[in-house]
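Below you'll find the structure, written out as structure tokens, and then a few comments.
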Amino acid sequence: LRSEDPTRDLKIIGWGNIAQEMVDELKEGQNIVIEGRLKMNSVTRKDGTKEKQPELTASKIHQISLVDVVKSDKTENNADQTGSAETLKLKSDHHRRPLYITAQGTIYLEAFNKLYEHARDFLVAIAEPICRPQFIHEFELSTYSLFTASAIGLKTEEIIKYLDLLCKTNLPPGITEFIRFCTASKGKVRLSVKNNRYFLESYYPEMIEMLLKNPKIRECRDTREIA
């Protein structure tokens, strides 16, 4: 929905753990983000005319609060094993920011936001596009996408800072660490060619140690220059 669109009811359907989570965790007036499959149903009114009504089958629920979260007694008991319940802190100016990001690295971008083009160009550089329907575009952070971002010159702290700037909530736990982990090795290993042979070279002992954990690389280790 666009900000200028009128408010309307949306039918939400949940099954299994999602249905139980709706009963146990959700309350009227609570701020949430719901992932799922949206479809339009044709309904006949009393006057004989037909109307299209939206229906969303929920697959995941993200809980968001405008204030610091107060944990209830049910918090730990009701979080299902899939980790679908996440509590994030919504920023006061969230309506100006164009995206959400989950703890699993899934990013949802509002295509109708004024910052959409800037955010889209940034996300294309750091994440993999998943789907792009009319109003909400989906991206995913991955090891490969972040390594590519680092390879084209984006700095680790710049990625974290700009992502936090665009996000409607605080960055979920683990996302910052994941970004640092995926971009930490950039520039620490070099591929070179000598006498028609390829060599991996590094001045960083921790990178050598990590590479040698691969049995194929370990078999090819050249120790001739080691005293």
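Position 1 is the first residue of the sequence, and the numbers go up from there. Just so it is clear, the structure is predicted and the values come from calculations on it, not from any experiment.
Side-chain atoms of Glu128 and Ser145 form no donor-acceptor pair, as typed in the model, at a separation below 3.5 Å.
A continuous path of hydrophobic side-chain contacts links Tyr198 to Leu211 [ILVMFWY only; heavy atoms under 4.5 Å]. Transitive grouping of hydrophobic side chains (ILVMFWY, heavy atoms separated by less than 4.5 Å) keeps Leu26 and Ile13 in distinct clusters. Taking hydrophobic clusters as Ile, Leu, Val, Met, Phe, Trp and Tyr residues chained together by side-chain heavy-atom distances below 4.5 Å, Val193 shares a cluster with Leu191.
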Intermediate values then yes/no, side-chain contact (heavy atoms from CB on, under 4.5 Å), Thr106 and Tyr100:
CA-CA 8 Å; Thr106 303; Tyr100 291 96; over 6 Å; no
Residues Phe199, Arg197; criterion side-chain contact (heavy atoms from CB on, under 4.5 Å); working and verdict:
CA-CA 7 Å; Phe199 292 85; Arg197 297 176 63 192; 3.7 Å; yes
Does the pair Ile175 and Arg180 meet the rule for a side-chain contact (heavy atoms from CB on, under 4.5 Å), with working shown?
CA-CA 9 Å; Ile175 289 296; Arg180 289 198 174 105; over 6 Å; no
Determine whether Met22 and Ile12 satisfy the following criterion, side-chain contact (heavy atoms from CB on, under 4.5 Å), listing intermediate values before the conclusion.
CA-CA 10 Å; Met22 289 179 174; Ile12 308 293; 3.4 Å; yes
Does Glu55 form a salt bridge (charged side-chain N to carboxylate O under 4.0 Å, His left out) with Arg37? I'd like the steps, not just the answer.
CA-CA 8 Å; Glu55 178 182 289; Arg37 186 178 68 254; over 6 Å; no
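Taking all atoms of both residues into account, the shortest heavy-atom contact from Arg218 to Lys213 is NH1-O, 3.6 Å. Listed here is the closest heavy atom pair of Ile130 and Phe139: CG1-C, 4.0 Å. A pairwise comparison of heavy atoms in Ala125 and Ala149 identifies O-CB, 3.3 Å as the closest pair. Here the closest non-hydrogen pair linking Pro98 and Leu115 is CG-CB, 4.1 Å. Closest approach of Ser42 and Lys50 over heavy atoms only: OG-CD, 3.8 Å.
The OG1 atom of Thr176 lies 5.0 Å from the CD1 atom of Ile160; values are rounded to the nearest 0.5 Å. One distance of note links OG1 of Thr183 with CD1 of Ile179; it measures 7.5 Å at 0.5 Å rounding. If you take NZ on Lys11 and NZ on Lys39, they are separated by 8.5 Å, rounding to the nearest 0.5 Å. Expressed to the nearest 0.5 Å, how far CG of Asn113 lies from NZ of Lys168 amounts to 6.0 Å. Considering OG1 of Thr156 and NZ of Lys161, their distance stands at 14.5 Å, rounded to 0.5 Å. Note that the CD1 atom of Ile34 and the CD1 atom of Ile18 stand 9.0 Å from one another [nearest 0.5 Å].
Screening Ile152, Thr148, Leu154 for a side chain to side chain contact (heavy atoms under 4.5 Å, CB included) with Ile126, the sole residue that qualifies is Leu154.
The shortest side-chain heavy-atom distance between Tyr108 and Leu99 does not fall under the 4.5 Å cut-off. Considering only heavy atoms from C-beta on, Leu163 comes within 4.5 Å of Ile101 through its side chain. You'll find the side chain of His137 reaches within 4.5 Å of the side chain of Tyr116, heavy atoms only. Proximity of Trp15 to Thr57: side-chain heavy atoms (C-beta onward) are separated by under 4.5 Å at one or more points. In this structure the side chain of Arg120 reaches within 4.5 angstrom of the side chain of Leu109, judged on heavy atoms.
Atom NE2 of His95 is surrounded by more than 12 heavy atoms from other residues, nucleotides or ligands within 6.0 Å. The number of heavy atoms from other shown groups lying within 6.0 Å of CG (Asn196) does not exceed 12.
Glu177 contributes a side-chain N or O that, together with a main-chain N or O of Gly174, makes up a donor-acceptor pair within less than 3.5 Å. Side chain of Lys91 to main chain of Cys167: a donor-acceptor pair is present (N/O by atom type, distance under 3.5 Å, no hydrogens or angles). A donor-acceptor contact shorter than 3.5 Å is absent between the side chain of Ser150 and the backbone of Leu146.
Look at Asp164 and Arg97 and you find no salt bridge, because none of the NZ, NE, NH1 or NH2 atoms lies under 4.0 Å from a carboxylate O.
When hydrophobic residues (I, L, V, M, F, W, Y) are linked wherever their side-chain heavy atoms come within less than 4.5 Å, the members clustered with Leu212 are Ile208.
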